[in-house]
Protein chains: 2
Amino acid sequence: MSRISKDGFNEECKKDHREIYGIAYTQNMLSGRWKYLILWFLKLKSHRYNEIKTLLWGISQGSLTKQLRELEADGLINRKVYPEVPPRVEYSLTSKGEQLIPIIDLMEEFGKKFGDKID
Amino acid sequence: MSRISKDGFNEECKKDHREIYGIAYTQNMLSGRWKYLILWFLKLKSHRYNEIKTLLWGISQGSLTKQLRELEADGLINRKVYPEVPPRVEYSLTSKGEQLIPIIDLMEEFGKKFGDKID
DNA sequence: CTGTATCCATGGAGATACTG
DNA sequence: CAGTATCTCCATGGATACAG
């Protein structure tokens, strides 16, 4: 293996196939089981930590915190802490995060079309 | 935990949030590091096994075969074997797989816009 | 050329307990 | 309420050798 950058793809590949690199970049940013769902939930309005946790039925606190931190580090969501007791933290999409919404909407549409039907 | 189906989401959640389930369905279908890239590569024309392997610089044969089989099982790609020596196998998108192209194009666009620049 | 079989390393994610 | 700190489990995927 020659030079491999931290995204796991080598430089030759990047130069030869910009499209590939763009796709890989976006995919890496959205890796993780819950990220699409978190972004979808923040689409319409900001939400508190516990609201997200309730929606994502089954996620553990540890996982949720980690995913939120990663989304924040990638500039997709904002984290706003209100100095109250009890504490309140609101998460919302950044403008960068909002640009992922068309993708999520298309995934939703595809899933509705082909996913298993429920009564 | 009450009833959990094999997709990992419980039935209550599915009924309450169809959108979530649609997104999760699509995401599960595209889980795996290489699937987006394979579909992107098949967008314009069908390709042979080794052509895909060459493009995906660094993928092992075992992984590639597994991902191709999963894509085939999910109805996203066709596998056509030509009875020749040496053997020739061509992969192409199904009509279902073609409907994922808009998603991949958007991901490519997002990645080009925000990904690291390369000289 | 197009795979299959096997083993193994890694990381994502859940469970649990604890905290300001 | 909104986390943090560990521990553990297991699926994903890579390496390697072999095969039709």
Side-chain angles (χ1 to χ4, degrees), chain A residues 1-2 4 6-10 13 24 27-38 41-42 46-74 77-92, chain B residues 1-2 4-10 13 20 24 27-38 41-42 46-74 77-92:
Chain A
M1 310 269 274
S2 54
I4 301 291
K6 68 177 193 301
D7 55 24
F9 291 90
N10 80 335
C13 180
Q27 185 183 7
N28 282 340
M29 185 160 292
L30 293 172
S31 68
R33 177 174 167 187
W34 306 98
K35 287 185 182 171
Y36 286 98
L37 302 179
I38 293 171
F41 191 44
L42 296 179
S46 65
H47 285 283
R48 303 179 60 167
Y49 182 91
N50 247 15
E51 291 173 338
I52 301 173
K53 189 173 184 315
T54 301
L55 173 85
L56 301 179
W57 199 93
I59 193 174
S60 66
Q61 284 186 326
S63 296
L64 177 55
T65 298
K66 192 181 172 197
Q67 308 257 322
L68 288 171
R69 291 289 177 280
E70 289 177 6
L71 288 169
E72 191 188 0
D74 285 331
I77 63 173
N78 290 125
R79 178 172 182 271
K80 181 159 174 55
V81 182
Y82 295 87
E84 303 173 357
V85 178
R88 181 159 64 101
V89 180
E90 298 244 346
Y91 292 93
S92 58
Chain B
M1 311 268 275
S2 54
I4 302 290
S5 40
K6 69 176 191 302
D7 54 25
F9 292 89
N10 79 336
C13 181
I20 281 192
Q27 186 183 6
N28 282 341
M29 185 159 292
L30 293 172
S31 68
R33 179 175 167 188
W34 306 99
K35 287 186 182 170
Y36 286 98
L37 302 180
I38 294 172
F41 191 45
L42 296 178
S46 63
H47 284 282
R48 302 180 60 168
Y49 182 89
N50 245 16
E51 292 173 336
I52 301 174
K53 188 172 186 313
T54 302
L55 172 85
L56 301 179
W57 198 92
I59 193 174
S60 66
Q61 284 186 329
S63 295
L64 177 55
T65 299
K66 192 181 171 197
Q67 308 258 322
L68 288 171
R69 291 287 177 281
E70 289 177 5
L71 288 169
E72 190 187 0
D74 285 331
I77 63 173
N78 290 124
R79 178 172 181 271
K80 180 159 176 57
V81 183
Y82 295 86
E84 304 172 358
V85 178
R88 181 159 65 102
V89 180
E90 297 244 348
Y91 292 93
S92 58

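Labels below follow one simple rule: chain letters A, B, ... track the order of the sequence lines, proteins then strands, and each chain is numbered from 1. Given the structure is predicted, the values throughout are model-derived calculations rather than measurements.
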Where the side chain of [X] is concerned, which of [options] is the nearest nucleotide?
X	options	result
W34(A)	dG13(D), dA13(C), dG20(D)	dA13(C)
R69(B)	dA13(C), dG14(D), dG3(C)	dG3(C)
N50(B)	dC1(C), dG3(D), dT4(C)	dC1(C)
S60(B)	dG3(C), dG14(C), dG14(D)	dG14(D)
Q61(A)	dG3(C), dG20(D), dA2(D)	dA2(D)
R48(A)	dA17(C), dG13(D), dC1(D)	dC1(D)
R79(A)	dG3(D), dG14(D), dT4(C)	dG3(D)

Does [N] have its OP1 or OP2 closer than 4.0 Å to a side-chain nitrogen or oxygen of [X]?
X	N	answer
S63(B)	dG14(D)	yes
K66(A)	dG12(C)	yes
Y49(B)	dT4(C)	no

In this structure, how many angstroms lie between the P atom of dG14(C) and the CH2 atom of W57(A), rounded?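 Roughly 12 Å, once rounded to whole Å.
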Checklist entry - Is the Lys NZ or Arg CZ of K53(B) less than 6.0 Å from the centre of Y49(B)'s six-membered ring, within 45° of the axis? => result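 Ring-cation test returns no.
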Sub-3.5 Å donor-acceptor pair from the side chain of T54(B) to the main-chain atoms of N50(B), do we have one?
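Side chain of T54(B) to backbone of N50(B), a donor-acceptor pair under 3.5 Å: yes, one is there.
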- Query: Going by an N to O cut-off under 4.0 Å, is there a salt bridge joining E70(B) and K35(B)?
  - Reply: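 So E70(B) pairs with K35(B) through a salt bridge.
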